[in-house]
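Chain letters run A, B, ... following the sequence lines, proteins first, then strands; residues in each count from 1. Keep in mind the model is a prediction, meaning the values are calculated, not measured.
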Number of protein chains: 2
Amino acid sequence: MRLSKKGEYAVRALVEIGFESDARPQSLIQISTVAQRTNIPEKFLEQILLALRNGGVLKSKRGVEGGYSLAKGPDQITLGEVIRLLDGPLAPIPCVSLSAYEKCSCPDEASCGLRIAMQQVRDSIAGILDNYKLDRLIEEVRKHRATQPSEWQFDI
Amino acid sequence: MRLSKKGEYAVRALVEIGFESDARPQSLIQISTVAQRTNIPEKFLEQILLALRNGGVLKSKRGVEGGYSLAKGPDQITLGEVIRLLDGPLAPIPCVSLSAYEKCSCPDEASCGLRIAMQQVRDSIAGILDNYKLDRLIEEVRKHRATQPSEWQFDI
DNA sequence: TGCAATGTCGATTGGATTGGTCGAGTATTT
DNA sequence: AAATACTCGACCAATCCAATCGACATTGCA
């Protein structure tokens, strides 16, 4: 039932990128900068940002003065979307997944108790994460950094 | 965010064992029988039942005519307890786990957005699974088997 | 007493996943 | 052309997952 490092890093990195473009709109931020500020291994972060880009959450520009920025407003990026992109389906068991449904071994899904319980779990996780938007996380960090001028940078 | 086979099998096996002792109180049921009825590999099931026994969910009797039975009433066994026993903490990230707390890398947990979101997820998962009791699952199977005299036995 | 049925337990295994690294590309700007 | 970035694929060690094996301990019964 765990969130992987990839998923965790993705969220932390997105907050950093979103925070940046909140402060200076249209600005790009480089992998290496994000890596330093968040303390995420650079080459690992590279993979993660690439996945986010391919998933339509980030956009990138190559070459000198290149970098990453959000592909859409931080009010349109949900934790659910991000975590699914890096960690796969939220459902604890494939027979209750909408995005990656797979039949399980019980003969009658409708009456399978385990399935009914896991269905509830899935709905509840998705209900939370699909409504938790990036702007909310950025706002929290903004407040926090305003009062505590971040001795560390990696604080989401 | 997934439930392992161990967790899944544990629940399926417990329903079978609980169903049996519901039908014939005080009766014991052998690993091999549970394995056949649930279609779980016998040696793998052995490990699982042992863990459930050591966790106080099952009790066992050795030797001829031995077997397993529930260590307490099916109304006192929750899915949360069972899944924690086999799969570890429910929390998606250790910094929101009650049973296995571990500090994460953000300097201020109280204002960490990711943590706040995951806290909600944890509470909601635990809220569901810690209130979902075995008797409810057994009841569902009982109803189902009454109407459909189980061509398959492994149907939870 | 002996033996067969049963649970107990530790070791091992093959494969997948996780977390991460490396190095050679390719695009873009100056 | 050179410098700066992102892109992409291969690789790696460690861990976990699912399952299997073999030896052993306990019990009931003949």
Side-chain angles (χ1 to χ4, degrees), chain A residues 1-13 17 20 27-36 38-55 57-71 83 85-89 92-94 100 104-105, chain B residues 1-13 17 20 27-36 38-55 57-71 83 85-89 92-94 100 104-105:
Chain A
M1 304 298 241
R2 290 204 44 196
L3 180 70
S4 75
K5 284 287 174 192
K6 264 188 177 156
E8 180 188 332
Y9 289 167
V11 175
R12 293 188 195 279
I17 295 171
E20 187 74 12
S27 75
L28 296 173
I29 181 170
Q30 288 88 12
I31 295 182
S32 57
T33 308
V34 177
Q36 278 166 30
T38 56
N39 224 27
I40 298 170
E42 186 168 335
K43 281 305 228 173
F44 194 36
L45 179 59
E46 192 186 289
Q47 288 178 39
I48 293 164
L49 297 190
L50 197 55
L52 290 172
R53 192 201 86 117
N54 292 335
V57 171
L58 290 176
K59 60 187 174 189
S60 63
K61 189 174 176 239
R62 281 153 88 130
V64 180
E65 297 284 288
Y68 282 96
S69 64
L70 300 185
I83 292 176
L85 229 34
L86 276 302
D87 282 5
I93 215 172
C104 70
S105 62
Chain B
M1 308 295 245
R2 289 203 47 195
L3 179 71
S4 73
K5 283 288 175 189
K6 262 186 179 157
E8 180 187 332
Y9 289 168
V11 176
R12 293 188 196 277
I17 295 172
E20 187 74 10
S27 73
L28 297 172
I29 181 169
Q30 287 89 12
I31 295 182
S32 57
T33 309
V34 177
Q36 278 167 28
T38 56
N39 225 28
I40 298 169
E42 188 168 333
K43 281 304 232 172
F44 194 34
L45 180 58
E46 191 185 289
Q47 288 180 39
I48 293 165
L49 297 190
L50 198 54
L52 290 172
R53 192 202 85 119
N54 292 335
V57 172
L58 289 178
K59 59 186 173 188
S60 63
K61 189 172 177 242
R62 281 153 87 132
V64 180
E65 297 282 287
Y68 282 94
S69 64
L70 301 185
I83 291 175
L85 230 34
L86 276 302
D87 280 5
I93 216 172
C104 69
S105 62

I want to verify a distance call: between D:dC8, D:dA19, C:dC9, whose nearest atom is closest to the B:P41 side chain? D:dA19

Side chain of A:F44 only, heavy atoms from C-beta on: which candidate in D:dT20, D:dT7, C:dG19 is closest? C:dG19

Does a side-chain N or O from [X] land closer than 4.0 Å to OP1 or OP2 of [N], or not?
{"X": "B:S32", "N": "C:dT6", "result": "no"}
{"X": "A:Y68", "N": "D:dT7", "result": "yes"}
{"X": "A:Y9", "N": "C:dG19", "result": "no"}
{"X": "B:S60", "N": "C:dT6", "result": "no"}

Is B:T38 reaching over with its side chain to a backbone N or O of B:V34, donor-acceptor style, under 3.5 angstrom? yes

Can you tell me the distance, in whole Å, between the [atom1] atom of [X] and the [atom2] atom of [N]?
{"X": "A:K61", "N": "C:dA27", "atom1": "NZ", "atom2": "C1'", "result": "11 Å"}
{"X": "B:K59", "N": "C:dG7", "atom1": "NZ", "atom2": "P", "result": "15 Å"}
{"X": "B:R2", "N": "D:dC17", "atom1": "CZ", "atom2": "P", "result": "11 Å"}
{"X": "B:E8", "N": "D:dA19", "atom1": "CD", "atom2": "P", "result": "10 Å"}
{"X": "A:E65", "N": "C:dT28", "atom1": "CD", "atom2": "C1'", "result": "11 Å"}
{"X": "A:L58", "N": "D:dT7", "atom1": "CG", "atom2": "C1'", "result": "14 Å"}
{"X": "A:M1", "N": "C:dT18", "atom1": "CE", "atom2": "P", "result": "15 Å"}
{"X": "A:E42", "N": "D:dC6", "atom1": "CD", "atom2": "C1'", "result": "11 Å"}

Between OH of A:Y68 and NZ of A:K59, what distance do you get to the nearest 0.5 Å? 13.5 Å

Base, sugar-phosphate, or nothing: which does A:L49 touch, judged by heavy atoms less than 4.0 Å apart? nothing

Identify which one of A:E46, A:Q36, A:K43 satisfies the side chain to side chain contact (heavy atoms under 4.5 Å, CB included) criterion when paired with A:I31. A:E46

Looking at the base of [N], is there any donor atom on it, or on the side chain of [X], that sits under 3.5 Å from an acceptor on the other one?
{"X": "A:R62", "N": "C:dT26", "answer": "yes"}
{"X": "B:E46", "N": "C:dT6", "answer": "no"}
{"X": "A:K43", "N": "C:dG23", "answer": "yes"}
{"X": "A:Q47", "N": "C:dT21", "answer": "yes"}

I'd like to know whether A:I17 forms a side chain to side chain contact (heavy atoms under 4.5 Å, CB included) with A:L49, so could you lay out the CA-CA distance, the side-chain angles of the two residues, the decisive distance to 0.1 Å, and finally the verdict. CA-CA 10 Å; A:I17 295 171; A:L49 297 190; 4.1 Å; yes

Quick one, B:L58 with B:L70, criterion side chain to side chain contact (heavy atoms under 4.5 Å, CB included). Give me CA distance, side-chain angles, the key distance, then yes/no. CA-CA 4 Å; B:L58 289 178; B:L70 301 185; 3.8 Å; yes

